[in-house]
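In what follows, a single structure is set out as structure tokens and then discussed.
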Amino acid sequence: MKILVCISHVPDTTSKINFADGDTRFDTNGVQFVINPNDEFGLTRAMWFKEKQGAAVTVVNIGGPETEPTLRKALAIGADEAIRVNAQPTDGFFVATQLAKVVQDGGYDLVIAGRESIDYNGGMVPGMLASLTGANFVNTCIGLEIEGSEASAIREIDGGKETVKCSLPLIIGGQKGLVEESDLRIPNMRGIMMARQKKLTVLEPEDLQSRTSVVKFEKPAPKGEVKLVSPDNLDELIRMLHNEAKVI
Amino acid sequence: MSILIYTESEEGKLKKTAFEIASYARALAGQTGDTVTAVAVNVDNTSELGNYGVDKVLKVSDEKLSRFNARAYADVIKQAAEKEGAKMVIISSSANDKYLAPILAVNLQAGYASNVVALPESTDPFRVKRTAFTNKAFNITEISTDVKLIGLSKNSFGLKEAEGSASEEAFAPSLDDKDFAVRTESVDKTTGKVTIADAEIVVSGGRGLKGPENWGMIEELADVLGAATACSKPVSDMGWRPHSEHVGQTGKPVAANLYVAVGISGAIQHLAGINASKVKVVINSDPEAPFFKAADYGVVGDAFEVVPALVEKLKEFKAQNS
Ligand SMILES: Cc1cc2nc3c(=O)[nH]c(=O)nc-3n(C[C@H](O)[C@H](O)[C@H](O)COP(=O)(O)OP(=O)(O)OC[C@H]3O[C@@H](n4cnc5c(N)ncnc54)[C@H](O)[C@@H]3O)c2cc1C
Ligand SMILES: Cc1cc2nc3c(=O)[nH]c(=O)nc-3n(C[C@H](O)[C@H](O)[C@H](O)COP(=O)(O)OP(=O)(O)OC[C@H]3O[C@@H](n4cnc5c(N)ncnc54)[C@H](O)[C@@H]3O)c2cc1C
């Protein structure tokens with residue numbers, strides 16, 4: 001089985017988000033980049049398929065040279081090889097189209113992407129990729145088993161979960177649940193050394209028009225002061241929630 | 001021309017978000033001079049949509065669509081959009097709508113903006129505001145394609161009633177077997193409980209509650225408020241509560257009217273996921289807990305005293321106001 005894991009290179013969850021050039025560009029100054037958390041769960045599940053079912057695992061990012069440390073980290077965790085498509089992504093459709101080329105050329109049976117990238121929160125790349133390539137698609141995937149060419153997946157739905165079945169090739173939008181938090185792996189020294197020797201192929205992008213573009217960023221308006229209520233005066237809290245906030 | 005909305009339903013009844021996107025589409029139609037057409041799948045009574053400004057409802061009834069299937073539903077909406085010649089298609093931000101949206105966008109060759117929080121600031125060029133960086137920022141996104149797909153964030157626009165009534169038309173899209181290649185085998189859903197996604201009020205508990213045995217008071221507080229229960233990440237990691245209750249940046253997003261956090265410190269990853277909620281109440285024994293900076297109302301106190309007292313007071317309040 002050939003697995004492709006899509007890796008979005010995103011600011012660490014604790015990053016302060018600032019903008020530059022008149023709020024037209026995300027300011028990467030001082031920002032630590034990591035593997036998108038949803039993709040880390042997916043990558044760890046891919047390692048399971050590698051170790052238990054002999055799958056070959058490739059990781060891919062659409063991005064500039066600055067994303068290579070993130071790909072190397074994925075290699076250190078255990079992926080066999082990496083691909084970087086050398087382009088600055090402009091929207092989810094652009095990313096999906098570049099990925100579609102990689103998927104078609106590589107003949108992958110399973111593509112593991114994340115439900116959402118925590119930077120632009122598009123939530124669209126895996127679904128678009130599935131539409132572009134004609135593969136089956138399961139979103140908000142929290143469990144995945146493969147037997148031969150058949151997949152059984154658990155999908156989180158509002159208020160519960162459902163089990164679905166389909167044949168490969170399959171693309172998933174994964175998240176926590178694919179593996180547990182405690183299964184996530186921190187690369188060890190040996191992994192880091194080996195990652196340096198692994199193949200990282202750089203491909204040139206397909207020429208393509210984006211369908212959307214970011215014109216400007218804004219930060220949320222600063223929050224007003226919290227209104228503190230004494231534990232002995234909870235009636236006042238209820239009154240304010242009823243009369244002032246009008247939420248109860 | 002018409003703006004097409006897909007009005008989501010559950011067990012044959014329209015969801016509240018259906019009325020919110022109808023309200024949004026009506027206001028947008030006011031700017032552009034379009035009409036509003038809704039497409040509804042297996043919903044018996046759609047007359048209420050007229051009260052929110054929908055002019056026409058395309059009613060699909062098809063046994064094959066009795067269970068949600070992203071490709072099939074995307075196909076239905078695509079065919080409805082083509083039939084109406086719609087240049088703008090509006091859907092909600094529910095898990096199912098987010099599942100079908102990217103498929104629909106590719107099939108309609110539409111630019112798609114998700115998590116949209118306001119009417120377009122201009123329609124030519126078409127620019128809308130959406131959230132990014134998990135609620136730490138907004139961005140103005142320009143959609144440059146002829147057909148535009150918008151996913152509206154829950155509770156960002158609200159319900160706006162309008163005068164009028166909607167005409168109805170049966171609509172029978174032609175579905176392909178390939179639409180059903182992903183087969184649902186079983187559904188495991190708690191019934192009779194408000195879900196985090198649909199809830200207007202969410203009551204959430206953190207590590208400050210010390211152990212799973214102390215969740216009784218959280219459930220009571222949720223009951224009296226008609227709320228869903230949620231929790232912080234460590235609480236689900238330790239197995240005190242199910243993963244489905246984990247909210248935050250790596251868990252479920254919450255966009256409720258009221259979010260009550262009990263014994264949660266307010267870590268940045270937690271806040272990112274719940275910040276879209278309108279009003280936040282924090283109950284925490286530590287006056288320095290970072291959550292107070294993000295809260296609208298706060299009670300500095302021991303949850304084991306404050307929560308039971310609050311439940312009693314709310315019961316009295318509900319008795320008087322019902
Ligand atoms: C400094 C910097 C600036 C950027 N500027 C922009 C910008 O202005 N506009 C913009 O749209 N994007 C920009 N990106 C790219 C952004 O990080 C995303 O890769 C891309 O936009 C898709 O975003 P999304 O929210 O639609 O992804 P989603 O659809 O939410 O992503 C879902 C999943 O798709 C996969 N995926 C997403 N992106 C990639 C990728 N690049 N490579 C491989 N797999 C991926 C991952 O598995 C991810 O979990 C920038 C990235 C960097 C590092
Ligand atoms: C990559 C990444 C992603 C993450 N994603 C998420 C996420 O999605 N969601 C999330 O929640 N976290 C997430 N976290 C974890 C986050 O950083 C915090 O560790 C977590 O939110 C803390 O949970 P807590 O507030 O329940 O516990 P704590 O931080 O331990 O806080 C407990 C609070 O309870 C208070 N308390 C104690 N006793 C009482 C009492 N008797 N009465 C009242 N209050 C009391 C304390 O004062 C304290 O403020 C993530 C972390 C990382 C690194």
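This is a predicted model, so every value here is computed, not measured. Just so we're on the same page: letters track the sequence lines, and every chain starts at 1.
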**Item:** Region of A/Gln175 in contact with chain B, defined by heavy-atom distances below 4.5 Å
**Value:** neither
**B/Ala272 portion near chain A, given a 4.5 angstrom heavy-atom threshold** = neither
**Message:** Strictly less than 4.5 Å between heavy atoms, which residues of residues 313-320 of chain B line up against chain A? Please order them by number.
**Reply:** B/Lys313, B/Leu314, B/Phe317
**Request:** Sort A/Leu228 into side chain, backbone, both or neither according to what part of it lies under 4.5 angstrom from a heavy atom of chain B.
**Result:** both
**Prompt:** Given a strict heavy-atom distance threshold of 4.5 Å, which part of B/Glu305 is in contact with chain A: side chain, backbone, both, or neither?
**Reply:** neither
**Request:** Using side-chain contact (heavy atoms from CB on, under 4.5 Å) as the criterion, list what pairs up with B/Asp179, not counting sequence neighbours.
**Result:** B/Arg71, B/Ala72, B/Asp75, B/Leu175, B/Asp176
**Asked** Do we see a donor-acceptor contact under 3.5 Å between the side chains of B/Tyr297 and A/Glu244?
**Response** yes
**Item:** A/Thr140 portion near chain B, given a 4.5 angstrom heavy-atom threshold
**Value:** neither
**Message:** For B/Ala256, which atoms come within 4.5 Å of any heavy atom of chain A: side chain, backbone, both, or neither?
**Reply:** neither
**Item:** Least distance between heavy atoms, B/Ile140 atom then A/Glu218 atom
**Value:** CD1-OE2, 3.8 Å
**Message:** Tell me whether A/Lys223 is salt-bridged to B/Asp296, with the criterion being a basic N under 4.0 Å from an acidic carboxylate O.
**Reply:** yes
**Asked** Non-hydrogen atoms of chain B under 4.5 Å away: do they reach the side chain of A/Val138, the backbone, both or neither?
**Response** both
**Asked** Given that the side chain runs from C-beta out, which part of A/Pro126 has a heavy atom under 4.5 Å from chain B: side chain, backbone, both or neither?
**Response** neither
**Fill in**
Under 4.5 Å to a heavy atom of chain A? For B/Ile268 that would be side chain
**Prompt:** Would A/Glu162 and B/Arg67 pass as an ion pair if we require N to O under 4.0 Å?
**Reply:** no
**Leading residue by heavy atom contact count with chain A [cutoff under 4.5 Å; candidates B/Thr145, B/Leu258, B/Val281, B/Val299]** = B/Val299
**Message:** Within the supplied structure, the quantity of interest is the number of heavy atoms (other residues, nucleotides, ligands) at a distance under 6.0 Å from B/Lys278 NZ; does it exceed 12?
**Reply:** yes
**Prompt:** With only heavy atoms counted, which part of B/Asn107 is less than 4.5 Å from chain A, the side chain, the backbone, both or neither?
**Reply:** side chain
**Message:** Taking side chain as everything from C-beta outward and backbone as N, CA, C, O, which of these in B/Leu100 sits under 4.5 Å from a heavy atom of chain A? Side chain, backbone, both or neither.
**Reply:** neither
**Prompt:** For B/Ser236, is it the side chain, the backbone, both or neither that has a heavy atom under 4.5 Å from a heavy atom of chain A?
**Reply:** side chain
**Under-4.0 Å salt bridge between A/Asp119 and B/Lys136** = no
**Segment of A/Ser210 engaging chain B (4.5 angstrom heavy-atom cut-off)** = backbone
**Complete:** Closest heavy-atom pair, A/Gly159 versus B/Thr195, reported as atoms and distance to 0.1 Å, is CA-CG2, 3.3 Å
**Request:** Pick one of side chain, backbone, both or neither for A/Lys216, based on which atoms fall under 4.5 Å of a heavy atom in chain B.
**Result:** both
